[in-house]
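Worksheet: one structure, shown below.
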Amino acid sequence: MVPPARVRAIRTSLLRWYDAHEQPFPWRSARDPYAAMVAAVAAQQTQMARVLEIYDRWMAAFPTLPVLAQAGRDEVLRVWGRAGYPQRAAYLHQAAQHCVEEHGGALPPDPEALLALPGVGPFTAAIIRTFGFGEDAAAVDTNVVRVIGRVLFGDLQPARETPAAAVGAMAERLLPPGEAARWNPALMDYGALVCLPRPRCQACVLASVCAARPRFQAGETAEPVRAQGAWEGSDRQWRGRIMAHLRQRGPTTVSALMRHLRPGQERARVRGLLDGLQRDGLAWVRGARCGLGDPPAEDGPG
DNA sequence: AATGCGGGGGA
DNA sequence: TCCCCAGCATT
């Protein structure tokens, strides 16, 4: 059990730090659930410098949920561009259509209804509730896991060492009632700027209350949570190449696609990846032709 | 619990 | 080079 005085000390120190280091991202003050969802989905496994660009481009093209719902999948994927994990764009598109059909064209405030949306998990739902609806919800991302795991449990690499359930329970306990819209970004920014994988304990405003006393050794760093496969020659690289070409080029033929990609001996493999993209709702294949997003409507009977 | 899923920037 | 990134869905 964490003593209430310690909870208060952590809250006070972190919020004071946040007052001086807040990053004024537009979706934090917009009070727009849709804007919060776009930002949260764009932020999945993506650094904030890139999220800002994606967000501006996306909101300019699809300023509201109904506008997004009406757009074509190909346009959605082109606006997403090279932001990575294009399935996220398809999820946003599907979520918008779901909200139009089931929730009157707006995002629902209930956690259960939010979690039912494609691409919306615990973190994104908490961001939507916090920034979009002004409700209290603990947003636990990779940064928050690190800060809580270190400050409350004294673990250098909490993603590996601290049980997720323990981190989650502590995140709920720490959340200052009525202040999630400040508290969540404070925790996340602190993990991104101070309590990094290689911690900067010298600059830490929580050192006096941190469970890692007096501090981690200089140069200590968390080990990777998951091993990283090679990028060169990977399925992901090929999928990215296919998508890049389909975005740039209009509807085309599979032969022309292959001619451009030059898969060599890997032609069958790349052809299989194109089918995978179709299953993911990112590309279509009809006979010899293919393209971005959904297939063009059939104009004959049948 | 483990894996698939982009792309870019930084050490 | 390798690691990191405001995760989620699927198996």
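Just so you know, these numbers come straight off a predicted model, no measurement behind them. Note on naming: letters A, B, ... go to the chains in the order of the sequence lines (proteins, then strands), and numbering restarts at 1 for each one. All values below come from the heavy atoms of this structure, side chains included, with hydrogens, waters and symmetry mates left out.
- In this structure, C/dC3 forms a base pair with B/dG9, meeting either the Watson-Crick or the G-U wobble geometry with both donor-acceptor distances under 3.5 Å.
- Within the 4.0 Å cut-off from OP1 or OP2 of C/dC8, not a single side-chain nitrogen or oxygen of A/Arg88 is found.
- Taking the six-membered ring for Trp and thresholds of 30 and 60 degrees, A/Phe25 and A/Trp27 have nearly parallel ring planes, at less than 30 degrees apart.
- C/dT10 and B/dG7: their C1' atoms are spaced 22 Å apart (whole Å).
- Across the P atoms, B/dG6 and C/dT11 are found 16 Å apart, a figure rounded to whole Å.
- Taking atom P in both B/dT3 and C/dC3, one finds a spacing of 16 Å when rounded to whole Å.
- As rounded to whole Å, 20 Å separates atom P of B/dG7 from atom CG of A/Leu52.
- OP1 or OP2 of C/dC8 lies within a sub-4.0 Å distance of a side-chain N or O belonging to A/Thr124.
- In the set C/dA6, B/dG7, C/dC5, C/dC5 carries the atom at the smallest distance from any side-chain atom of A/Pro197.
- Using a 4.0 Å heavy-atom criterion, one finds that A/Val120 contacts the sugar-phosphate atoms exclusively.
- In this entry the distance linking OH of A/Tyr91 with P of C/dA6 reads 20 Å, nearest Å.
- At the heavy-atom level, A/Pro86 lies under 4.0 Å from the strands shown only through sugar-phosphate atoms.
- In this structure, A/Met37 atom CE and C/dA6 atom C1' are separated by 16 Å, rounded to whole Å.
- Residues A/Asp235 and A/Arg269 have side chains in contact (heavy-atom distance under 4.5 Å, counting atoms from C-beta outward).
- In this structure, CD of A/Gln47 is placed 15 Å from P of C/dC3, rounded to the nearest angstrom.
- Closest contact between the side chain of A/Trp231 and the listed nucleotides C/dA6, B/dG7, B/dC5 involves B/dG7.
- Using a 4.0 Å heavy-atom criterion, one finds that A/Asp235 contacts the sugar-phosphate atoms exclusively.
- A/Arg279 comes within 4.0 angstrom of nothing in the nucleic acid, heavy atoms only.
- For B/dG8 and C/dC8, the P atoms lie 23 Å apart once the distance is rounded to whole Å.
- Mapping A/Leu115 and A/Arg28 onto DNA chain C via the closest heavy atom, the residue that lands nearer the 5' end is A/Arg28.
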Item to complete: Before giving the answer on salt bridge (charged side-chain N to carboxylate O under 4.0 Å, His left out), spell out for A/Asp275 and A/Arg279 the whole-Å C-alpha distance, their side-chain angles and the decisive distance to 0.1 Å.
Response: CA-CA 6 Å; A/Asp275 288 334; A/Arg279 285 191 292 275; 5.4 Å; no

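- A donor and an acceptor atom never sit less than 3.5 Å apart when one is taken from the side chain of A/Arg50 and the other from the base of C/dA6.
- Ion pairing between a basic and an acidic side chain is recognised when a charged N comes within 4.0 Å of a carboxylate O; A/Asp136 and A/Arg129 show no such pairing.
- Distance A/Gln228 CD to B/dG6 P: 13 Å, rounded to the nearest Å.
- A salt bridge is defined here as a Lys NZ or Arg NE, NH1 or NH2 lying under 4.0 Å from an Asp or Glu carboxylate O, and A/Asp280 with A/Arg239 meets this definition.
- Comparing B/dG8, C/dA6, C/dG7 against the side chain of A/Arg82 picks out B/dG8 as the nearest.
- Within 4.0 Å of A/Ala83, counting heavy atoms only, lies at least one base atom of the nucleic acid.
- Side chains of A/Trp284 and A/Pro296 form a contact here, defined as non-hydrogen atoms less than 4.5 Å apart.
- Atoms CD (A/Glu53) and C1' (B/dG8) sit 10 Å apart, rounded to a whole Å.
- The phosphate of C/dG7 has neither OP1 nor OP2 within less than 4.0 Å of any side-chain N or O from A/Gln44.
- A salt bridge between A/Arg182 and A/Asp19 is present, with a side-chain N of the basic residue lying under 4.0 Å from a carboxylate O of the acidic one.
- Distance CD1 (A/Ile54) to P (C/dA6): 12 Å, rounded to an integer number of Å.
- Among the atoms of the strands shown, base atoms are found under 4.0 Å from some heavy atom of A/Arg226.
- Not a single donor-acceptor contact under 3.5 angstrom links the side-chain atoms of A/Thr46 to the base of C/dG7.
- Counting non-hydrogen atoms under 4.0 angstrom, A/Tyr55 reaches nothing in the nucleic acid.
- To the nearest angstrom, P of B/dG8 lies 16 Å from CD of A/Gln45.
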